[in-house]
Amino acid sequence: QKEVEQDPGPLSVPEGAIVSLNCTYSNSAFQYFMWYRQYSRKGPELLMYTYSSGNKEDGRFTAQVDKSSKYISLFIRDSQPSDSATYLCAMPSFGNEKLTFGTGTRLTIIP
Amino acid sequence: KAGVTQTPRYLIKTRGQQVTLSCSPISGHRSVSWYQQTPGQGLQFLFEYFSETQRNKGNFPGRFSGRQFSNSRSEMNVSTLELGDSALYLCASMYSNTQYFGPGTRLTVL
């Protein structure tokens, strides 16, 4: 069993829809949670970073963490074609030098 | 500031050969991590260097090695290439608990 599980998709939704992306993890030592976005032929870029249970909002993006269930989510409101990318959840360890990633969910927003 | 740069961007090698990939971190960043990305396994941590010392290592065979220079630039070497080494190799430099990724080197092993 992988430490971090993520539905690989692909996921296609119409423009303007709310998107929900999810990950589960098994290692209780994970205390920080990140979401990265990766466009085709690019490296991942950090979208959101959170360390507590509950919600964190940044513009159209909301990260949600439920440590009791070991479940994290990323919500995208008013989705845009420019949001089409692969979204990866990641959890740091070793003082943040090592990231354990989910396999990524490929998202396509249809205009 | 310029971002993380990786060279070359694309590389084709044959089985049994060796390869060296280069990574220049963002100016001022002293930690460099390397990851392998494949469709089946996703992103997997290879190793991390700080001030020319390897601090952390992932679960990869000894054919994968790296080093870091005094200017924080890092190289990764893979010896005796296998078909399964075909992947996107990403490096990231870290500052204030955030890793910044380069565009990667796409390695194809034939």
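Naming: A, B, ... by sequence-line order, numbering from 1 per chain.
- A:Glu57 contributes no side-chain N or O that, together with a main-chain N or O of A:Thr62, makes up a donor-acceptor pair within less than 3.5 Å.
- Judged by distance alone, the side chain of A:Tyr36 and the main-chain N or O of A:Gly43 form no donor-acceptor pair under 3.5 Å.
- Classified by interplanar angle (parallel below 30°, tilted 30° to 60°, perpendicular above 60°), the ring pair B:Tyr35/A:Phe101 is perpendicular.
- Hydrophobic cluster membership differs between A:Leu88 and A:Ile72, with clusters built from Ile, Leu, Val, Met, Phe, Trp and Tyr side chains linked at under 4.5 angstrom.
- Proximity to chain B (any heavy atom under 4.5 Å) is restricted, for A:Lys42, to the backbone atoms N, CA, C and O.
- Heavy-atom contacts from other residues, nucleotides or ligands closer than 6.0 Å to CZ of B:Arg55 number more than 12.
- In this structure, chain B has no heavy atom under 4.5 Å from any part of A:Gln6.
- In summary, the side chains of B:Gln17 and B:Thr14 do present a donor paired with an acceptor at a separation below 3.5 Å, with no hydrogens or angles considered.
- Contact annotation for residues 64-95 of chain B against chain A (heavy-atom separation below 4.5 Å, listed by residue number): B:Leu88, B:Leu90, B:Met94.
- Looking at B:Gln44, there are no atoms closer than 4.5 Å to chain A (heavy atoms on both sides), in backbone or side chain.
- For a residue to count as touching a neighbouring chain, one of its non-hydrogen atoms must lie under 4.5 Å from one of that chain's; by this rule B:Arg106 does not touch chain A.
- Only one option out of A:Tyr25, A:Tyr49, A:Tyr51 pairs with A:Phe33 in a ring pair (Phe, Tyr, Trp, His ring centres under 6.0 Å); it is A:Tyr25.
- Proximity to chain A involves both the backbone and the side chain of B:Gln99, based on heavy atoms less than 4.5 angstrom apart.
- A side-chain donor from one of A:Gln31 and A:Lys67 sits under 3.5 Å from a side-chain acceptor of the other.
- With hydrophobic clusters built from ILVMFWY side chains whose heavy atoms lie under 4.5 angstrom apart, A:Leu99 does not share a cluster with A:Leu74.
- Using a 4.5 Å cut-off between heavy atoms, B:Asn56 touches chain A through its side chain atoms alone.
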